[in-house]
Amino acid sequence: MEYNFREIEKKWQTQWKESNAYKVSNISDKPKYYVLDMFPYPSGAGLHVGHPLGYIASDIFARFKRLKGFNVLHPMGYDAFGLPAEQYAIEHGIHPAISTENNINNFRAQLDKIGFCFDWDREVKTCDPKYYKWTQWIFLQLFNSYFNRHTQKAESIDSLIKIFEAEGNVNHPCPGDATIEFEKDLWKSFTDEYQQVVLMHYRLAFCGYGEVNWCEALGTVLANDEVVNGVSERGGHPVVKKKLRQWYLRITEYADRLLQGLQTVDFSDAMKEMQTNWIGKSTGAEITFDIQNTNQKLTVYTTRPDTIFGVDFMVVAPEHELVKHITTAEQKNEVEKYLHYVNSRSERERMAEKKITGCFTGAYAINPFNAKPIPVWISEYVLAGYGTGAIMAVPCGDERDFKFAKHFNIPITNIIGDYFNGEEANATKEATLTNSDFLNGIVMKDAIELVVNQLETLGIGKKKINYRMRDAAFSRQRYWGEPFPIKWKDGTAYPLSENELPLLLPEVDTYSPGPEGEGPLANIPEWVAKELETNTMPGYAGSSWYFLRYMDPHNDARFCDRKVSDYWNQVDLYIGGTEHAVGHLLYSRMWTKALYDLGFIGYDEPFKKLLNQGMIQGSSRFVYRLTGVLVPDLNDNNNTFFSSKNHFDKYQNKVAENKRELFELINSVLPSKYSKELIEIGEFILTPLHVDVNIVDGYELNIEEFKKWRNSEYANAEFILEDGSLYNSESTSKYICGAEVEKMSKSKFNTVNPDDLVAKYGADTFRMYEMFLGPVEQSKPWDTKGIEGVHRFLKKLWRLFFDELKGKVWNEEKATTEELKVLHKTIKKIEDDTERFSFNTAVSAFMVCVNELADLKCNKREVLEPVLIMLVPYAPHIAEELWKALGNTGSILDATFPTFESKYVAESTKEYPVSINGKLRTTLSLDINISQPEVEPIVLANETVQKWLEGKAPKKIIFVKGKMINVVI
RNA sequence: GCCCAUGUGGCGGAAUUGGUAGACGCGCCAGACUCAAAAUCUGGUAUUCGCAAGGAUGUGAAGGUUCGAUUCCUUUCGUGGGCACCA
C-alpha cells in the first residue's frame, strides 16, 4: 500500500466539506481563540508560493489550538474594492464586480487545494452591499461624533451641540480651525449653515479641502502610502499635488491613544517603533517672531527652544502664506522662479532630494530676546503640512541647517563652544551654552524649560506638543469603492438616515473620471440630481473593521452583535506582512477605538498579537547566451549558443586559454571557420538571460523543455555543457544555470505556482515545506528542489504504518521505554515550537522523530497515534487517513493533543562536555544528580584532562550542573 | 541621509536563559538493489594538517567583557527592507 496523496487529499477535503468540519459556532463552552490573516486583495495574477506562507502558519496555529481544546475562529474573505479592478474595467470595459468575482473564484480554488480550515460560511467581501451597508453605517457614526479631549474619547456630535449652546466652545477648542472661537450667544446667532461648517471642523469623519496626491491617469487621489517614488503604487502613473474637496478621518485626535495602546499589544518592537515614528509625537515650543519693517509675524515650531540664540536664519515652506507678504521687491523675481521650480516637483521628489535648494525672501525676522535680525529663506525641505510650516535654523546644532548655511554662505553662530568644530553640526543637549545672552553657562537640556517659560511670560510663544501624523484622507475620485451615505444641500453635507442604507453603488457607462477631477459617479445624471456625494471611500474603509464582521457575518440588524463581539473579543493572533504597518494597522486601530468609545464593542485594540511573516524571495536561474565581437556568425539567430555556467565563470576570469578552448569548440560547429588570428583578437560576450525556473531542476537546465520555451524561440540553439562538450541526445554532461536571489516576479521568470507543487507532491508536503524553509518572520529565498526532502519524510512516516509489499505493519504491541522517550521528547518539542511559532524547527522535530522510530523499527499504535495527532496542524490529510486506518471512527481534527510526561524523558546520566580553558577536549558520562565535590576527582582522574594538565594542578574547575565542566589551567 | 532588520558549511537553516557550533533538509561523494536508468535504501560530508590517533582554525571584520561568546558591549563593513531632509 503506497502513500497515494492525491487520492487521500481529495477524499478528505470532500469529506470535511460535507461534514462541515470547519464550521465554527458562536456558542461554546470552550475557551475561544481568534486567528486572523490579513485581508487579501484578490488580484488577477493568482497566487505564487510566497502568498500562502502566512495562511499556512495561521492554519497550523488554528488547528493546533483546536486540538488543545479551543473554539477557534479562523475566517477568510476578500478586500474586494480596489484600483486594479477599476483599472482593468477602464482598459477592458469589464465591470469590476465581474472581474473581481472571477479573481475571487480563482483565489478560492487555489486556497482550497492547500487544505485550509477556514469556515467559509463566514466569508465576507467588502464589495457586497450586505457588507458595505455597515461600512457606511460606521462612517455615519464617525460623522456624527467628535473627539472630546477632556474625556479622551469619541462622543456624539449632539452632545457637543448642547455644550455649544450652554458655553460656546471655550472649553472645546476647534481641532479643525483653531481660529474659530465663540460664546454660547454667538453660537445661537450662527445660521444653520454656519453651524454645520463649525461642526464639520469637529466631526471624526469630515469634509475639507486639502492638497492631495492627484493622479491624472487614474483620475483619483492616492494616500501617501500608495504613492511610490512619485508614481502610483498600482499602475505606476505620475502623481502631482492638487487641491480638492476631500473626506478625512480625524485620526490625529487619537494620536495619544494610538501611542498608549501600543503598550497593551504584542507587536514586534520594530512594528511599534514604525507606528510610533509615524505618529511622530514631539514636545517643543511655538515661537512667534516679528518681521522687520512690517506688521507680519512668523510662527515657527522647534523642539529645541534652548538654541534660540543660535538661530542664523529662518526657513519657511514655499507654500507658506507669509511668503507673498514678506518677499521684498528686489527678491520677488528670484522667489517666483524658485516657487515655480518647487511647484513642478512632487512631494516625494522634494523629500528625496539631496541637493540643497532655497531662496532668500529679502525679509528679516527679529529675535525677540536680542533684537538680532534673522534672514528669512524659503526651501523645499520645509513642508507646509508639518508644525507651522516654518523652522528656525540653528546651523551649529542641526546638520541640515548647517549644510544649508554652508551652501548659501550664511554666517554661523556657535552657541555650544568646543562641542562645535566648524566642520559639522552637533545635535548635543549636553553642551553649556555660550553666545546666548541670559542662557550663557546653562546646560542645553536645562535651558529648554527656561526658554519656554520666558516665551510664555513674554507672550511670544508657548509649549507645544506636535504630531507628525496628519488626518487620513478618506475619499477617492473613483468608482469601485463604497459610496458615501451623504447628501449635499447648498454646500452643506447631510448624512443619510440609517434606513436608507445601503446606498448602492450604481451602474455606470464609463469608469473614467467625472468633470473637474470628480469621480465617475459625477457622470451619472440621476446620482447628481439626488445631490449625492460623488466621491467613494478608499480601500482601507472596508478593511478597517472586517475582523468584527467575521464574528457575525450574516447579521442584518447590526454590524456585529455586541454579545458575539464580547465572546470572540480581540483577534488573538493576527498574521500578515509588514507592508500594512502604518496604513491598515493604524486605521483599524482607530476605528476600533471609536467603536469602543461609542459603546458598540467592548475593547479598544483590535489585535492582541501581531505576527509578521517574511517575504519569500525568488531564486532566479540564468542561461548564458554567447555573442561575439568580431565573431559575426554568433550574432544571428541561426547560430544561437548557450554556455553552461562553468564557462561563464571561467571566461569572466579572462584566461586566454579558456577563450581559446571556447573558440575551438564553436569553430568546430560553425559553418564558417575563424582563423587563428581572429581567435586571438575576437571577444565573446556572455549575456545572462532569465530562464523559467520551472524548466530547471535545481541548477540543471532541461534542454528539451528549454527548446520549446517561448514558442520555441531557441529550438535550434546549441548548448555548451559543463564539461565543454556540445549537447546532443546522448550527452552525459549537464547544462548548469547561474542563480541569483531576487524579488519573485513574473518578469524574472522565477515565480512558482503552488498548484503545480500541490499536484506533484500533495498539499501536506507543500504545507510542511513552506514552513520548513525557515522562520516565518524572516525573508528567505524559495528553493523548489528542497521540497523532495519533506515529501520523503511523509513517505517514511507512511512506511511506519504500511509496507509496499507486506501491507499493514502497524501493531498493538506495548511500547518500550526508549520508544516512549522518543514520543515524549517529540511532544514537548512540537508543542513548544508551535506555541512560539517556530514552525520550521517543529517540522524538523517530526523528521527526527520518524527517523528515530524507523531506526527502532517501532510500528506500534501506542506511539504512532499521538504522533499523528501532533501532525494534524501541519499535514492534516495524511494524519486523518492514517488515523482512520488505525480504526478510529471520529475525525482526528477533534482529537486531543497528547500530553507530555516528563517521566518518560528523565535521564539518570548526562554526557557532560569537559573543556580545558574553554575548549572542548572530551566528554564524561556522569550521574545527573552529581555535585561539584564529587565531580572534581572524576574529572582530574580523566586521561585526557591529565594529558592537558601535564602534571600541574588546575587553577579552577567550573561545574554547571546539567550543562558542562570547564577545567581552567 | 535617517531608521529598522540581518550576516553561521556549497545552499535553506539549527543552537529557546552566556555553556558540546553546524540539528533537520537540499546538494554533493561512495555503496546496495538493477541488464541499465529512475525511484528507494545505507554510509560519509565546515575548513585544514595528519596513514591514524590527534591537533589547528572557524558563526561578515577588528577589539572588549567572561573560566567560557553565534549569543553581551564598542567600532566597522556588507546585504535586505522602510522613510517623512520632520525641525
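From a predicted model like this one, the values you see are computed outputs, not experimental measurements.
Residues S838(A) and T841(A) bring a donor and an acceptor atom of their side chains to less than 3.5 Å of each other. For the 3.5 Å distance criterion, the side chains of S915(A) and N966(A) fail to qualify, holding no donor opposite an acceptor. Side-chain contact, T388(A) with E286(A): no donor N or O sits under 3.5 Å from an acceptor N or O. Of the N and O atoms on the side chains of T923(A) and Y912(A), not one donor lies less than 3.5 Å from an acceptor on the other residue. Side-chain contact annotation: S282(A) with Y301(A), donor-acceptor N/O pair under 3.5 Å present.
With both ends at atom P, the span from G19(B) to G25(B) equals 25 Å, rounded to whole Å. A5(B) and G9(B): their C1' atoms are spaced 24 Å apart (whole Å). Taking atom C1' in both U70(B) and G82(B), one finds a spacing of 27 Å when rounded to whole Å. Between U59(B) and U71(B), the distance separating the two P atoms is 9 Å to the nearest Å. Of the P atoms belonging to G80(B) and U74(B), the separation is 25 Å, rounded to the nearest Å. Between U48(B) and A39(B), the distance separating the two P atoms is 30 Å to the nearest Å. Straight-line distance between the C1' atoms of A15(B) and A46(B): roughly 16 Å, to the nearest whole Å. The P atoms of U16(B) and A23(B) are separated by 15 Å, rounded to the nearest whole Å.
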Give every donor-acceptor pair under 3.5 Å between a side-chain atom in residues 783-795 of chain A and any protein atom, sequence neighbours left out.
unit_1: D783(A); atom_1: OD1; unit_2: K785(A); atom_2: N; d: 3.2
unit_1: T784(A); atom_1: OG1; unit_2: W782(A); atom_2: NE1; d: 2.7
unit_1: K785(A); atom_1: NZ; unit_2: D697(A); atom_2: OD1; d: 2.7
unit_1: K785(A); atom_1: NZ; unit_2: D697(A); atom_2: OD2; d: 3.2
unit_1: E788(A); atom_1: OE2; unit_2: Y761(A); atom_2: OH; d: 3.2
unit_1: H791(A); atom_1: ND1; unit_2: Y761(A); atom_2: O; d: 3.3
unit_1: H791(A); atom_1: ND1; unit_2: T765(A); atom_2: OG1; d: 2.9

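At whole-Å resolution of the value, CD1 in I736(A) and P in G10(B) are 18 Å apart. Rounded to an integer number of Å, the gap from K857(A) NZ to U42(B) C1' is 11 Å. As rounded to whole Å, 22 Å separates atom P of A87(B) from atom CD1 of I378(A). In this structure, I465(A) places its CD1 atom 14 Å from P of A87(B), rounding to the nearest Å. One atom, CD of Q778(A), and another, P of G80(B), lie 16 Å apart when rounded to the nearest Å. Between the CD atom of E700(A) and the P atom of A38(B) there is a distance of 11 Å, given to the nearest Å. In this structure, CD of Q613(A) is placed 16 Å from C1' of A5(B), rounded to the nearest angstrom. Computed from coordinates, the D832(A) CG to U16(B) P distance equals 13 Å when rounded to whole Å.
Nucleotide G1(B) forms a Watson-Crick or G-U wobble pair with C83(B), both donor-acceptor distances falling under 3.5 Å. Base pairing analysis places G10(B) opposite C26(B); the two distances defining the Watson-Crick or G-U wobble pair are each below 3.5 Å. As the counterpart of G18(B), no nucleotide is assigned, since no Watson-Crick or G-U wobble pattern has both distances under 3.5 Å. Here A69(B) sits opposite no nucleotide as a Watson-Crick or G-U wobble pair (both hydrogen-bonding atom distances under 3.5 Å). Both distances falling under 3.5 Å, in either a Watson-Crick or a G-U wobble arrangement, occur for no nucleotide opposite A53(B). The pairing partner recorded for A32(B) is U40(B), the criterion being a Watson-Crick or G-U wobble arrangement whose two distances lie under 3.5 angstrom.
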Just by protein heavy atoms under 4.0 Å, how would nucleotides 19-29 of chain B read 5' to 3' in B, S and -?
BB--BBSSS--
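Listed pair R468(A) / A87(B) fails the phosphate criterion, with no side-chain N or O lying under 4.0 Å from OP1 or OP2.
A salt bridge links D832(A) with K828(A): the distance from a Lys NZ or Arg NE/NH1/NH2 to an Asp or Glu carboxylate oxygen falls below 4.0 Å. The existence of a salt bridge linking R304(A) and D398(A) is excluded, since no basic side-chain nitrogen approaches an acidic carboxylate oxygen closer than 4.0 Å.
Taking the six-membered ring wherever Trp is involved, the centroid distance between the rings of F5(A) and Y3(A) falls below 6.0 Å. A distance of 6.0 Å or more separates the ring centres of F772(A) and F839(A). A centroid separation of 6.0 Å or more is found between the aromatic rings of F313(A) and F408(A).
Between D855(A) and K956(A), the residue whose closest nucleotide on RNA chain B is further toward the 5' end is D855(A). Mapping T276(A) and T303(A) onto RNA chain B by nearest heavy atom places T276(A) at the nucleotide closer to the 5' end.
Of all nucleotides listed (C4(B), U16(B), A87(B)), A87(B) comes nearest to the side chain of T302(A). Residue K829(A) has its side chain nearest to U16(B) when only C4(B), U40(B), U16(B) are considered.
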Can you pull every protein N or O that's under 3.5 Å from an N or O on nucleotides 52-58 of chain B?
unit_1: G54(B); atom_1: O3'; unit_2: K947(A); atom_2: NZ; d: 3.4
unit_1: G55(B); atom_1: OP1; unit_2: K947(A); atom_2: NZ; d: 3.3
unit_1: G55(B); atom_1: OP1; unit_2: W948(A); atom_2: NE1; d: 3.4
unit_1: A56(B); atom_1: OP1; unit_2: R921(A); atom_2: NH2; d: 3.2
unit_1: A56(B); atom_1: OP2; unit_2: R921(A); atom_2: NH1; d: 2.9

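Figure legend: cation-pi geometry between R767(A) and Y874(A) absent, as NZ or CZ is not positioned both under 6.0 Å from the six-membered ring centre and within 45° of its axis.
Shown here, G43(B) is classed anti by the O4'-C1'-N9-C4 or O4'-C1'-N1-C2 angle, which is more than 90° from 0.
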